[in-house]
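Quick notes on the structure that follows.
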Amino acid sequence: MASFKDTLKDAVRQLSFKTSLDSLKKKGVQQVSVLGLDRIISLIEAAVHRSLKSRLVGIEREAVADATKAEFLRLLRSNEDLQRQKSEVEEARERAEDEIDTLRRELTQNNQALQLKLEQDALALATRYEGENAEIAKKVAAVVAGLAQTPGATATTVEQRLMELVMDVVSGERQSAEEARRALHDREVDNLQRRIKKLNDNLAATEQRLQQVAALKDVEGGISSVYREVQGLATGDAQVGKKKELMGEIFKANLKLQKKDKPGA
Amino acid sequence: MSDSKQGDGPKKDHGVLYIGMDLGTSRTSVSASNGVRETVYSMVGYPKDVVSQKLLKKDVLFGKEALEKRLSLKLYKPLEKGVLKYSGDGSMDAEAKANLKAAQDLIGEAIRLAKPRKDELVYCVIGAPAEASVKNREAIIEAARAHVDSVMLCSEPFSVAYGLDWLEDVLVIDIGAGTTDLCRMHGTMPEEADQVMFDIAGDAVDAELSRRIEQTCPGAQFTIHMVKDIKERWGFVGEASERCMVDLPVDGKPTPFDLTEQIRSACSILVEPIVKGIHKLVASFDPEFQTRLKNRVLLAGGGSMVKGLDSAVEKAMKERLGSGKVIRIEEPIYGGANGALKIAHDMPADFWEQLR
Ligand SMILES: Nc1ncnc2c1ncn2[C@@H]1O[C@H](COP(=O)(O)OP(=O)(O)OP(=O)(O)O)[C@@H](O)[C@H]1O
Ligand SMILES: [Mg+2]
């Protein structure tokens, strides 16, 4: 019996929670007494399965967030391309605005999807802790199996006592798991919310950049001249003399015309 | 570009953009050294009231757009009859002021259409109708100044001829919307005696065609804009190369009409006054160079796109003046703008500087 107690003590110490027998009884000693090994194992299996499922939900959520991010980056890149196409800036801007609209819609959809996942998660939460107890339950099961072969210990008494202790562990685990779970949940939600905020910020930044691009159209959106310098008559021109004379005449006429009205002249 | 003279005046960071502009009654065209070529109908519209303004989301509309939305606009054709409508005698009424503003907005729009960069030096030559008054010219200059670094005016027929490198002894015939302008170029700027102008031009053809359709196609419904489109699609003189079959609504139902004869007669009103004008300008020219002048007749302006017009004028010249060679310029719509661009390019840097 010493080794059994020791093992349990170890298990209890590991799990670090204690509850009075009274409170345990209140919680369900009646049901516990009918739980057989098989039942425990099947419970464990179900819990593991559920826990796995719950974890999958998490992965999916990651995938959703990643996909959102990837999609957003894609849009961001296409917006950057857009900046390069200044000549088509108007058209491109409209396209980008459409994309932003789409992005915004997608973001909303993702938000909704996320909300749904979180709700599903809350449901899964109710059973999740059982999965987290799987480790301990497995250990206990091994101990029970070992004890069953020990002479002098009737299976029923051992089982009954074991179950009392298991329930002690379970309820303690339940509390800590719930706390941990809540913390984890908060962190995940936090992360997702942070990610969404980031997406929103990026969206705002992109919109701002687009506005700048649109403004650029007026500031420097023109098309460059082929000339870097003031030209003048080509010296090789066949009629350069005659043309010079004509240019002079046009200039003189304009000087006469413009001097008068020129402010400060 | 290596053979070009270098400017030594103050420069902006980047390049030098030259703009050639042809300021016309019906359209204003620009041709620029960045490869841009644009044309806009010389129409400016302002929303009639606050409601229209909200609806149009603009303070001013130009060209085709202004024409299309004309019902909610106060519409101006600020260059009607080839000259800025601006009395310039100091006693401008509200309407004249509004017209001047429309002209200035139009010039601004034409320059915007050339897509200048803010960091480039912009030099612009505007081909103005030869007969524009000094006050009109000042108004044009003032309007352009707001948008460019330096601007010069020159006479439109000169810029057309210069564009083809025909500097001397050229007779330029510019058939516009409001006016047909004949101008004899002999190397210097044209003077009064070098010019003949009359108002039998594109608009007159439209009016004539519309009158003839009215007379010969009972029940046909049309507007002057439709008639103009028909003329631009089919317009010809002389031999008809095809029948001009045009659908016009009768009682709301599109009905085909053969307008071949109507179109021919309407377009033919251009020929006689042109030949008369040529005669006058040739007869008063230095006898030694008359033959040369007769062989260097340039047809320009949108109206020159009437098919067969060059041959018809040439034929009449041969009959009445013994000889004649008429050439239609390649791009009638951009002839003036292209020539003005070339002048801008050839203008020495210090001339531009002095006018800044
Ligand atoms: N394909 C065409 N055939 C015949 N006429 C045409 C054609 N295309 C344009 N036109 C006519 O040319 C006229 C306009 O010519 P253009 O653009 O040279 O005039 P503008 O320079 O604005 O006028 P203006 O010289 O009187 O100031 C209009 O009457 C138009 O209907
Ligand atoms: Mg013209």
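Just so it is clear: chains get the letters A, B, ... in the order the sequence lines come, proteins before strands, and each one is counted from 1.
Residues B:Phe351 and A:Ile250 have side chains not in contact (no heavy-atom distance under 4.5 Å, counting atoms from C-beta outward). Two residues are said to be in side-chain contact when any heavy atoms from C-beta on lie closer than 4.5 Å; B:Asp165 and A:Lys243 meet this criterion. Contact of the A:Gln231 side chain with the B:Val16 side chain is not registered, since no non-hydrogen atoms from C-beta on lie closer than 4.5 Å.
Here the straight-line distance linking atom CG of A:Leu246 with atom CG of B:Asp346 works out to 10.0 Å at 0.5 Å rounding. To the nearest 0.5 Å, atoms CD (A:Glu249) and SG (B:Cys154) are separated by 12.0 Å. Between the CG atom in B:Asp119 and the OG atom in A:Ser224 there is a gap of 7.0 Å [rounded to 0.5 Å].
In this view, B:Asn295 satisfies the side-chain hydrogen bond (donor to acceptor under 3.5 Å, both in side chains) rule with no residue, not counting sequence neighbours.
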(Q) side chain to side chain contact (heavy atoms under 4.5 Å, CB included) for A:Arg228 and B:Glu120? Distances and angles first, verdict last. (A) CA-CA 9 Å; A:Arg228 300 296 89 192; B:Glu120 287 190 337; 3.3 Å; yes

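A:Asn254 contributes a side-chain N or O that, together with a main-chain N or O of B:Leu153, makes up a donor-acceptor pair within less than 3.5 Å. At distances below 3.5 Å, not a single donor-acceptor pair connects side-chain atoms of A:Gln239 with backbone N or O atoms of B:Leu167.
Looking at B:Ile141, only its side chain comes within 4.5 Å of chain A, counting heavy atoms on both sides.
Heavy-atom contacts from other residues, nucleotides or ligands closer than 6.0 Å to CD of B:Glu330 number 12 or fewer.
The nearest pair of heavy atoms linking A:Gln258 to B:Met152 is NE2-CA, 4.0 Å.
Ring geometry for B:Tyr18 versus A:Tyr227: interplanar angle over 60°, hence perpendicular rather than tilted (30 to 60°).
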